[in-house]
Amino acid sequence: MRLLPTLLLTFSSLAGAASLSTTALTLGQPGLTEQRRTATLLPGVTLTSIERGQLAGNGVWTVNIAAVATQSEGEKKLTDLKAAGFTGRLDSMQTQGTVKGDLGFMVRVGSFTARAEADSLLSALKARGLSGGVQFTGEDGSKVTGPWSIQVLSIEPGAQARLRLALATDTLPGRETTSTLARRLGAVAAVNGGFFVINNDIGTEGDLAGISVVDGKLLSEAIDGRPAFLLSRKEPGGQLLQGVTSTLTLKVGETSRRATGINRKPGFIVNCGNFAATPTTRPAHDLTCQAKEELVAFTSAFGEQSDAGEGFEVAVGSDGNILSVQEKRGMTIPREGMTVQATGEAVAWLKNLAQAGVPVTLMTTLTESSGQVIPLNTGTDIVNGGPTLVKSGKALSDYAAEGWSPEGFTAEGAASAGSRLNFFNGWVLRRNPRTAIGTMSDGTLLLVTVDGRNPTHSVGASIPEMAQLMRDLGAVDAMNLDGGGSTATYANGMLQGIPSDTAGERPDGDAILIFPR
């Protein structure tokens, strides 16, 4: 689907592609064939399409039943399978140096050359009350021959381009494909952005599940301790931010209290990482934490109406004074003002202070783990993501602090060891479609996507492989963005590559867009 007019080059002859590294990639087994095609989108902005390797007996289709930490757990699962009439096996997980010691095993059934046979087996397993999912073993993480299909947007410091983060549907609720959003706003190129709420069961569909700053305004609070990436609308380039924490302080009259969030449904904290979250205040990817007591502010970025439900709410006008109060949640959001909702024990606090005419101020502060304050200036955009892939030229492989490792969760009761292990194996260690953002030593910004879940086209990348890929391309700092079905590169009016979802390109919560200067 790469229909751009391009120039075919081998990796060794690529020149002038915004200083992109010309060294062959290290994905998979050494010595694989690699071809690159380049297209200049704007002065200083280049799209490089890389095809590496080929499918050569990399794996088989199978049904994965569970991930287990020990062989004894796995053998019990095999016994259960045998009792149901199925013969299983234990496949070791490919740890790739990400955690200490042995990670565990995958309990699997069947080995097929065609996916349809694995799908049929899964149906038979479900008929016996068993659960699982179809997987291609070439995506496990062991060395393979490919293939890989990779798109790289490189933006030089002096490029005749403007970058910005854009919300799908122009508001936090709702989703839109990267291609549709880019076309609607007239962008030359784009990639999908950060993590978002996938459906209304765990919050507000389309809302960003992590920090979002658009043109200097904080629209979504941070998952505390996660990385983020800062972009400037004034000049091409960007900056990796480490261990970002957002502090929101609500002042009503002369009394202050820390608020728990902004522009999201109270009670649900996707990916956790919030001082009000239970069962863990640490970041925990793909885990939705709960919060019984919240103070959440809503601005016009959320739309015309705030989230409805039980609680208490005040409307604050453009002059910063309370306009009205309400004994339930769900109000019209003043266009130049905000509303503030309270739930749980916070209701009494807000109700006691809230009267018409009382001044209300929401103060927001962003800091990195170093303690450095992140200024929210006009023209500043910040996109959420993680894990950190490369820092100061070094590929990282310790994900516990940012909420991807299974280590440390059992003691806090955040989830069972098995569920977090299964997540870690499937999300971090196995190959999936990926999107990443990074910077080179000369300031060149890299926006990179790797197609996946399509063995004849592209097998995807594990997180450790994505870190190494960004280093291979020349990144000295890099961060993972949302991936899977969200992964998308758009350029010159069309989607580049092949989406992994059978329904086509997935609607996302935001995207990074490139415009002519």
Output, in order, the C-alpha distance, side-chain angles, deciding distance and verdict of side chain to side chain donor-acceptor pair (under 3.5 Å) for N454 and T456.
CA-CA 6 Å; N454 187 341; T456 60; 3.3 Å; yes
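- Between R36 and L20, the shortest heavy-atom distance links the atoms NH1-CD2, 4.1 Å.
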Could you go step by step and tell me if T388 and Q242 meet the side chain to side chain donor-acceptor pair (under 3.5 Å) rule?
CA-CA 8 Å; T388 303; Q242 289 281 273; 3.0 Å; yes
Steps toward side-chain contact (heavy atoms from CB on, under 4.5 Å) verdict (V476, M440)
CA-CA 5 Å; V476 293; M440 301 174 68; 5.7 Å; no
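- Under 4.0 Å is where a charged nitrogen must lie from a carboxylate oxygen, and between R175 and E205 at least one such pair does.
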What's the verdict on side-chain contact (heavy atoms from CB on, under 4.5 Å) for S486 and F195, showing C-alpha distance, side-chain angles and the deciding distance?
CA-CA 9 Å; S486 298; F195 302 112; over 6 Å; no
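- Put simply, CZ on F196 and CG on N271 are 11.5 Å apart, with the number rounded to the nearest 0.5 Å.
- Distance check, rounded to the nearest 0.5 Å: CG of L231 to OG1 of T380 gives 9.5 Å.
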Please assess E402 against R226 for the test salt bridge (Lys or Arg N to Asp or Glu O under 4.0 Å), listing each intermediate value before the final yes or no.
CA-CA 5 Å; E402 296 178 356; R226 281 276 181 88; over 6 Å; no
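- Taking both residues in full, the closest heavy atoms of L32 and T145 are given as CD1-O, 3.5 Å, listed atom of the first, atom of the second, then distance.
- M479 has its side chain out of reach of L389: every pair of non-hydrogen atoms, C-beta onward, lies at least 4.5 Å apart.
- The residues R108 and D140 are annotated as salt-bridged, a charged nitrogen and a carboxylate oxygen being separated by less than 4.0 angstrom.
- Remark: of the listed residues D224, T245, T247, T245 is the sole one forming a side-chain contact (heavy atoms from CB on, under 4.5 Å) with T367.
- No donor-acceptor pair under 3.5 Å is formed between the side chain of D501 and the backbone N or O of A503.
- Within the 4.5 Å cutoff, the side chain of L513 has no heavy atoms near those of the V191 side chain.
- Counting heavy atoms from C-beta outward, T444 and P157 have side chains that approach closer than 4.5 Å.
- For R430 (side chain) and G141 (main-chain N/O), no donor-acceptor pair under 3.5 Å exists by modelled atom type.
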Could you check V152 against L446 for side-chain contact (heavy atoms from CB on, under 4.5 Å), going step by step and ending with a plain yes or no?
CA-CA 7 Å; V152 183; L446 301 178; 4.2 Å; yes
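- Side-chain atoms of S458 and E51, non-hydrogen and from C-beta on, never get closer than 4.5 Å to each other.
- In terms of heavy-atom proximity, P499 sits nearest to L495 at CG-CD2, 3.4 Å.
- In this structure, CD1 on I155 lies 9.5 Å from CG on L42, to the nearest 0.5 angstrom.
- Side chain of D472 to backbone of L25: no donor-acceptor contact under 3.5 angstrom is found.
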Evaluate the criterion side chain to side chain donor-acceptor pair (under 3.5 Å) for residue pair D510 and S212; output intermediate values, then yes/no.
CA-CA 9 Å; D510 63 359; S212 177; 4.9 Å; no
Report the C-alpha distance between R264 and E221 in whole Å, list the side-chain angles of each, state the deciding distance to 0.1 Å, and finish with yes or no for salt bridge (Lys or Arg N to Asp or Glu O under 4.0 Å).
CA-CA 9 Å; R264 65 165 171 79; E221 77 268 20; 2.5 Å; yes
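- When all heavy atoms of C289 and A277 are compared, the closest pair comes out as CB-CB, 3.7 Å.
- For the pair R282 and W404, the NZ or CZ position fails the cation-pi test of under 6.0 Å to the six-membered ring centre and within 45 degrees of the ring normal.
- T177 and S179 are not linked by any side-chain donor-acceptor pair at a separation below 3.5 angstrom, with hydrogens and angles left out of the test.
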Stepwise salt bridge (Lys or Arg N to Asp or Glu O under 4.0 Å) test for E117 and R115
CA-CA 5 Å; E117 295 175 278; R115 173 165 187 154; over 6 Å; no
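- Contact of the L163 side chain with the L445 side chain is registered, since non-hydrogen atoms from C-beta on lie closer than 4.5 Å.
- Residue Q305 qualifies as enclosed at atom CD: its count of foreign heavy atoms under 6.0 Å is above 12.
- In terms of modelled atom types and a separation under 3.5 Å, the side chain of D215 and the main chain of T378 share no donor-acceptor contact.
- For D451 (side chain) and I498 (main-chain N/O), a donor-acceptor pair under 3.5 Å exists by modelled atom type.
- The CD1 atom of I382 sits 5.5 Å away from atom CD1 of I374, with the distance rounded to the nearest 0.5 Å.
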Derivation and outcome, side-chain contact (heavy atoms from CB on, under 4.5 Å), residues S220 and L218:
CA-CA 6 Å; S220 177; L218 180 67; 5.9 Å; no
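- Not one N or O on the side chain of S300 forms a donor-acceptor pair closer than 3.5 Å with the backbone of E304.
- For the pair T204 and V197, the tightest heavy-atom approach, listed with the atom from each and the gap, is O-CB, 3.3 Å.
- Under the 6.0 Å cut-off for aromatic ring centres, Y399 and H285 do not qualify, their centroids lying 6.0 Å or more apart.
- Proximity of a side-chain donor or acceptor of N58 to a complementary backbone N or O of F136 within less than 3.5 Å is not detected.
- Listed here is the closest heavy atom pair of L429 and S462: O-CB, 3.2 Å.
- Distance check, rounded to the nearest 0.5 Å: CD1 of I150 to CG of L473 gives 7.0 Å.
- Residue D381 is tested with R162, R164, K234, R233 for a salt bridge (Lys or Arg N to Asp or Glu O under 4.0 Å); the sole match is R233.
- Looking at heavy atoms from C-beta onward, L208 lies in side-chain contact with L172 at the 4.5 angstrom threshold.
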Going through the distances and angles, do R184 and E176 end up as a salt bridge (Lys or Arg N to Asp or Glu O under 4.0 Å)?
CA-CA 10 Å; R184 180 168 62 80; E176 188 174 9; 3.0 Å; yes
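- Shown here is K217, whose NZ atom has no more than 12 heavy atoms of other residues, nucleotides or ligands within 6.0 Å.
- Looking at N263, its side chain does come within 3.5 Å of a backbone N or O of L219 through a donor-acceptor pair.
- R471 places a side-chain N or O within donor-acceptor distance of the main-chain N or O of G393, the cut-off being under 3.5 Å.
- Proximity of D482 to T435: side-chain heavy atoms (C-beta onward) are nowhere separated by under 4.5 Å.
- Between W148 and R431, the closest side-chain pair of non-hydrogen atoms falls below 4.5 Å.
- With rounding to the nearest 0.5 Å, the separation of CZ in R37 from CG in L47 is 11.5 Å.
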Please lay out, stage by stage, how N192 and T178 fare under the test side chain to side chain donor-acceptor pair (under 3.5 Å).
CA-CA 6 Å; N192 64 285; T178 297; 5.2 Å; no
